[in-house]
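Presented below is the structure to which this report refers.
Numbers here are sequence positions counted from 1.
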Amino acid sequence: MSEHDGVVFLLSIAVLLGVARLLGELARNLGLPAVVGELSTGLLLGKTVLGRVSPAANEFLFPGGAPKTMLSAYTTIAVVLLLVVAGLEVELSIIKRRGRTAMSVSILGIVIPLMGGVLLGYLVPDSFILNPNQRLLFALFLGVALSISAMPVIAKTLLDLGLFKTDIGLLVMTAAMFDDLIGWIAFSMLLGPMKGRTVDFSHLVRTLGLALVFVLGVLVIGRRLADRALAHLEQQVDVAPGRILSLLIVVAILGATATQAIGIHAVLGGFIVGVAIGDSPRLRERTRQTIQQFVTNVFAPVFFASTALRVDFVSNFVPWLCLAVFAVASGAKLLGCSLGARWTGLSWREAFAVGFGLNARGAMEIILALLAREAGLIDDRVFVALVTMAIGTSLVAGPIMKHLLYPTTMPSGARTNGEDAAMLVRSGAFVSKLTASTSARAIEELGHALRPTIGDLVETALIAVLERELVAPTGLGDEVAIPHAAVEGLNRPVVALGLSQDGIDFDAPDGRPARIVFLLLLPPKAYEREVRVLAGLAKSVFDETARTALLKAKSLEEAVHCLDEHGKRIASSAPGPRMTSLTDG
């Protein structure tokens, strides 16, 4: 590497990161996923635009040789860390508790797209396959690619719609976890033959055996070691998320090294390490968000910009192929997931919402397509079709889920049906000064306040809420928490509101303790009703003025008055508020 090579590499990283972040933020402001802006950077600076306008400038910024090799190394680290972040979204505790319900959604959501992808792989003309002798491998890859989901995109969509903490949101996330676990392991197994290695049965068995040992070792032994390490860091004063970030990256790269040495792509090692560390109850939501922000703002923009850098999207765009990939991917995924969701007892509207949620492919699909392209299995035309499908499915997931789960008449209908925050609190309970110092104690205190309303169902309700809180903490951010659960025997939603001057830790994304706590109890399988009520409660304390006024309430009437006044101001707003950091909306 010459001094000039070093200068060019650093300049190319600065240009890619700067432009990708700028266009990513612009895409967010337009209501699009950031990945759209980041991919656009590659289109603008790569062969598609700059390569046509000024080939010399394109060649200067992104030459071959050492700078290309160094950029490739950077993106390799980036893709491993992106899979670590995806792994952090997988919570084994959720799979254990909700796996049986989500299994039917996941299995049908994998099998039907897999069959559709394999069929499409056999129908594509030979001219679109780099090596027609690898037709079976090409078809299997398309099957895996069309069956996988994208947990980061799905999680972001659910958060934006206020569905992440709901039962239907947990169902979607659990099914997505199954999809990604199975999909990434299957894809990693295909990468060896993709790169031209002979499929030797004894070698394949050895690779699968070592991979199984690695996965079980990390998830069983590694998970316990990670939990102990986090516990040790937790005991130290003023533990910064940076220490945990350093630990995670070191372990992830070691895991990636191990799987690469086994003969499986490094991404599987990063993904499994992310699953193991992310499943620890000691990994705070704030730390999780810090890790995610670091990776998605530093490494991800360069990676996604570089994916489109050396591909001419104009000359390689084949309309019928893009349409066919999009139609088969979406149709098969919707059919499988919707049938599975309907089988679990959801209505058709809710089942289709689950299907559209799991249909989002996003960044994970682009990573799959890039790895297959680098392995020499697909050409640029198929790559462009897969990237187009990934962006298209991610763009339509949120709006269609919102249309299905938030009818346009919901705000006024909810108020007339007595499901707005003020009416629910009036018919429930109010505790002006919570004495609890932990989330479990706060839930118990609010549950006992509801005894005059629900009677002997209190004990059943408390068990359900506490178990659910272990699965998914309900701190929304901005000092608000809404612990909730479905309770057998209830026929209508019941709410208890409690205020805490000191605050109670509900593991919120912003790390702030909750001072406003709504305990929400719901009838079983009332998924649409749950969405409406949670949206109403979140809206009732959406802005700082409402929260400040509510914290001053000393009686039930004062609390109801505050909620009612704020409810009137927002009655005409759109449904589906964000339920992460409330000020982020």
Would you give the length of the straight line joining atom [atom1] of [X] to atom [atom2] of [Y], rounded to the nearest 0.5 angstrom?
{"X": "Ser394", "Y": "Ile366", "atom1": "OG", "atom2": "CD1", "answer": "7.5 Å"}
{"X": "Leu371", "Y": "Phe141", "atom1": "CG", "atom2": "CZ", "answer": "8.5 Å"}
{"X": "Ile77", "Y": "Ile253", "atom1": "CD1", "atom2": "CD1", "answer": "4.5 Å"}
{"X": "Leu50", "Y": "Leu44", "atom1": "CG", "atom2": "CG", "answer": "9.0 Å"}
{"X": "Asn359", "Y": "Thr393", "atom1": "CG", "atom2": "OG1", "answer": "5.5 Å"}
{"X": "Leu71", "Y": "Leu16", "atom1": "CG", "atom2": "CG", "answer": "6.5 Å"}

Counting N and O atoms only, with roles assigned by atom type, does the side chain of [X] sit under 3.5 Å from a partner on the main chain of [Y], one being a donor and the other an acceptor?
{"X": "Ser338", "Y": "Leu335", "value": "no"}
{"X": "Ser540", "Y": "Ala421", "value": "no"}
{"X": "Ser306", "Y": "Leu309", "value": "no"}
{"X": "Arg361", "Y": "Ala329", "value": "yes"}
{"X": "His403", "Y": "Met401", "value": "no"}

Decide yes or no for [X] and [Y]: does some side-chain heavy atom of the first lie under 4.5 Å from some side-chain heavy atom of the second?
{"X": "Thr75", "Y": "Val79", "value": "no"}
{"X": "Leu386", "Y": "Leu142", "value": "yes"}
{"X": "Leu377", "Y": "Val382", "value": "no"}
{"X": "Phe294", "Y": "Ile249", "value": "yes"}
{"X": "Ile168", "Y": "Glu350", "value": "yes"}
{"X": "Phe317", "Y": "Ser315", "value": "no"}
{"X": "Pro67", "Y": "Phe62", "value": "no"}
{"X": "Phe313", "Y": "Phe383", "value": "yes"}

**Message:** Check this for me: does any side-chain nitrogen of one of Arg373 and Asp379 sit under 4.0 Å from a carboxylate oxygen of the other?
**Reply:** no
**Prompt:** Between Asp179 and Lys333, does at least one N-O distance fall below 4.0 Å, as a salt bridge requires?
**Reply:** yes
**Prompt:** With ring centroids as reference points, do Phe303 and Tyr74 lie under 6.0 angstrom apart?
**Reply:** no
**Request:** Give a yes-or-no answer on whether the side chains of Glu469 and Ser439 include a donor-acceptor pair shorter than 3.5 Å.
**Result:** no
For [X] versus [Y], what's the shortest heavy-atom pair and its separation?
{"X": "Leu17", "Y": "Pro301", "value": "CD1-CB, 4.0 Å"}
{"X": "Ile154", "Y": "Gly357", "value": "CG1-O, 3.3 Å"}
{"X": "Pro63", "Y": "Lys68", "value": "O-CB, 3.4 Å"}
{"X": "Ala360", "Y": "Ala397", "value": "CB-CB, 4.0 Å"}
{"X": "Ala514", "Y": "Val517", "value": "CB-CG2, 4.2 Å"}
{"X": "His484", "Y": "Arg468", "value": "O-CD, 2.8 Å"}

**Asked** Under the criterion side chain to side chain donor-acceptor pair (under 3.5 Å), which of Thr296, Asn297, Thr290 is the partner of Gln293?
**Response** Asn297
**Item:** salt bridge (Lys or Arg N to Asp or Glu O under 4.0 Å) assessment of Asp478 paired with Arg515
**Value:** CA-CA 9 Å; Asp478 287 340; Arg515 300 176 66 197; over 6 Å; no
